[in-house]
*Asks:* 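Below you will find the structure I want to go over with you.
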2 protein chains.
Amino acid sequence: MSSPTIGVQVIRRAFAVLRALAGGPLGVSDVATAAHIPKSTAARVLAALAAEGAVEQVPGERRYRLGPDLLSIASGLGETWDIVAIARPTLVDLAAELGEAAGVSIRDGWTVQYVDQVEPPNPNPVQVRDWTGTRIPLHAVSSGQVFLAQLPAPVLSRYLAEPLEAFTPATLTDATALLERLRQVRRDGHAWVRDEYSIGLSSVAASIVDARAEVVAAIHVHGPSYRFPNPGDEDRIAGAVRAAAARIGARLRAGG
Amino acid sequence: MSSPTIGVQVIRRAFAVLRALAGGPLGVSDVATAAHIPKSTAARVLAALAAEGAVEQVPGERRYRLGPDLLSIASGLGETWDIVAIARPTLVDLAAELGEAAGVSIRDGWTVQYVDQVEPPNPNPVQVRDWTGTRIPLHAVSSGQVFLAQLPAPVLSRYLAEPLEAFTPATLTDATALLERLRQVRRDGHAWVRDEYSIGLSSVAASIVDARAEVVAAIHVHGPSYRFPNPGDEDRIAGAVRAAAARIGARLRAGG
DNA sequence: CGGCATCGTTCCACGATGCGGAACCCACCG
DNA sequence: CGGTGGGTTCCGCATCGTGGAACGATGCCG
């Protein structure tokens with residue numbers, strides 16, 4: 001291998017297989033193709049994963065899909081798990097109300113990690129792809145700015161010390177401009193971002209606060225800039241997002 | 001190896017590690033002990049899992065915990081995922097209302113698979129352990145009986161063809177007795193089970209029906225038999241469980 | 001303040017373990 | 001009945017993981 005390739009390779013492959021299956025049930029050959037591994041190896045890995053309950057054959061067919069045992073592991077995620085589970089119904093409502101996709105994210109170091117997303121009912125054919133599982137630098141997206149806005153000043157300045165990557169011409173790469181934006185975010189309780197991460201994509205986000213008054217997650221709604229937000233509709237939309245975030249926070253604080 | 005030990009062993013170990021971490025953050029040595037693998041191997045596996053985002057170091061500390069990327073995989077579970085996510089808030093309410101633990105399960109072959117469980121607030125010190133991730137034969141538990149009650153006759157008789165394992169003296173191991181019970185379940189819309197799986201443990205379950213009118217999951221509430229159900233309280237409790245199941249079903253049918 | 005108990009990391013030679021190409025089998029289809 | 005494509009099995013090779021042990025960092029306690 002030209003690159004050192006750190007780590008245990010079977011594990012790499014196993015997860016490649018799991019991620020491939022996350023898209024829906026697949027047969028052995030498809031898995032092999034999707035995960036870039038030889039067919040026989042794919043079969044062996046699938047068998048091993050099946051023995052662990054991480055995947056299972058869909059009854060009748062011979063394709064594989066993710067197995068329910070993953071949930072028993074995922075439920076060990078603790079607070080993160082609670083957040084996703086609790087947020088889901090509210091996201092469904094929010095997506096329905098605004099007609100665009102809604103999602104939750106958490107902060108992971110200097111990036112946002114999107115952990116769940118729900119599409120509106122009767123989604124418009126023009127829709128934003130599902131970002132679940134993606135990590136994006138904090139300054140480039142609305143959820144990230146929400147996280148940044150509540151960081152203690154010294155921590156924040158450590159983030160600003162490094163150069164801010166540009167994704168589009170609109171990305172805020174200047175520390176001063178970003179600080180000004182964060183001031184707005186703190187004032188409004190939400191962050192509006194247009195075309196800063198991807199051209200033609202707009203989003204609003206608001207933060208979720210747990211019992212210890214800490215920001216543990218953020219929710220957002222996003223859609224194509226040409227129709228979202230409709231001019232003059234920004235406040236209504238932002239209000240809905242803030243309200244949803246508040247509701248989720250309340251549930252989180254109430255129910256364990 | 002005395003036993004053939006089928007499967008890829010690194011994968012076995014990787015999942016042993018993940019399951020160990022499902023209980024909460026652990027250091028390398030603890031993981032090694034819990035998963036019964038040498039320390040250096042544990043470190044290597046953890047590093048590999050970390051590279052996949054399946055685990056992460058808790059910031060500041062050096063212990064590891066499950067990583068958010070698991071969610072991006074779990075969200076590929078499709079309907080099962082939706083069920084858990086949607087059921088959670090209702091389970092929280094239900095557990096609070098009845099003061100005992102509530103859970104969701106799905107059917108997996110001839111077993112029930114518990115996929116989530118929530119404890120009541122201020123739980124009594126005497127509580128039932130968390131069954132999440134466990135599989136139990138259908139006839140022995142309330143959720144299982146709910147699933148059995150709606151199986152087509154021919155499928156059901158295939159299950160009854162094999163001997164029914166006894167877990168306690170109260171387990172229904174006689175096909176006729178079980179059929180009679182299932183009749184009750186169909187009539188009532190719920191299943192009450194006392195001491196049939198474990199002595200001193202009682203539970204009620206009701207089924208969750210999706211848009212295609214299929215039973216896709218069941219919820220239950222269970223507690224120690226000495227206090228649950230309180231005499232004369234069976235109907236109220238069962239009613240609450242049925243209502244919760246109906247609510248979850250409705251949400252499931254509405255929101256994607 | 002210094003020594004001891006832990007915990008994590010690194011190293012390396014050994015060999016078990018997983019690898020994967022190819023042959024085989026089966027189910028489905030034309 | 002011959003062909004195609006997916007799944008499973010086989011088996012010799014060497015890769016990849018293994019784990020004991022030594023090292024280094026931490027932090028607790030005396």
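The figures that follow rest on heavy atoms only: side chains count, while hydrogens, waters and symmetry mates do not. Below, chains carry the letters A, B, ... as their sequence lines are ordered, and counting in each starts from 1.
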*Asks:* Between dG18(C) atom P and Ile11(A) atom CD1, what is the distance in whole Å?
*Replies:* 12 Å
*Asks:* Could you list the residues that satisfy side chain to side chain contact (heavy atoms under 4.5 Å, CB included) with Ala16(B), not counting sequence neighbours?
*Replies:* Ala35(B)
*Asks:* It should be established whether Thr41(B) places a side-chain nitrogen or oxygen under 4.0 Å from OP1 or OP2 of nucleotide dT18(D).
*Replies:*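 Negative; the distance criterion is not met.
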*Asks:* Between Gln9(B) and dG17(D), is there a side-chain N or O to OP1/OP2 distance below 4.0 Å?
*Replies:* no
*Asks:* Given dG19(D), is OP1 or OP2 found less than 4.0 Å from the side-chain N or O atoms of Arg13(B)?
*Replies:* yes
*Asks:* Among residues at least two apart in sequence or on other chains, which ones pass side chain to side chain contact (heavy atoms under 4.5 Å, CB included) with Ala20(A)?
*Replies:* Leu26(A), Ala34(A)
*Asks:* State whether Arg44(A) places a side-chain N or O below 4.0 Å from either non-bridging phosphate oxygen (OP1 or OP2) of dG20(C).
*Replies:*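 So the side-chain polar atoms of Arg44(A) never come under 4.0 Å of the phosphate oxygens OP1 or OP2 of dG20(C).
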*Asks:* Sequence neighbours excluded and cut-off under 3.5 Å, please list the side-chain donor-acceptor pairs for residues 147-163 of chain B, or say none.
*Replies:*
from: Gln150(B); atom 1: NE2; to: Phe147(B); atom 2: O; distance (Å): 2.9
from: Ser157(B); atom 1: OG; to: Ala153(B); atom 2: O; distance (Å): 3.3
from: Ser157(B); atom 1: OG; to: Pro154(B); atom 2: O; distance (Å): 2.8
from: Tyr159(B); atom 1: OH; to: Leu138(B); atom 2: N; distance (Å): 3.3
from: Tyr159(B); atom 1: OH; to: His139(B); atom 2: N; distance (Å): 3.2
from: Tyr159(B); atom 1: OH; to: His139(B); atom 2: ND1; distance (Å): 2.8

*Asks:* Output the rounded distance in Å from CZ (Arg12(B)) to C1' (dT17(C)).
*Replies:*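 Answer to the nearest Å: 14 Å.
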*Asks:* Can you list the residues that meet the ring-ring contact (aromatic ring centres under 6.0 Å, His included) rule with Phe167(B), with sequence neighbours excluded?
*Replies:* Tyr197(B)
*Asks:* For Thr41(B), check side chain to side chain contact (heavy atoms under 4.5 Å, CB included) against everything at least two apart and list the hits.
*Replies:*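 Thr41(B) satisfies side chain to side chain contact (heavy atoms under 4.5 Å, CB included) with Arg13(B), Pro38(B), Arg44(B), Val45(B) once adjacent residues are dropped.
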*Asks:* Could you run through nucleotides 5-10 of chain D and give me one letter per nucleotide, 5' to 3': B if any protein heavy atom sits under 4.0 Å from the base, S if only the sugar-phosphate is that close, - if neither?
*Replies:* -SBSB-
*Asks:* I'd like to know if Asp30(A) pairs up with Arg63(A) as an ion pair, taking the criterion as any Lys NZ or Arg NE/NH1/NH2 lying under 4.0 Å from an Asp or Glu carboxylate oxygen.
*Replies:*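 Salt bridge absent between Asp30(A) and Arg63(A).
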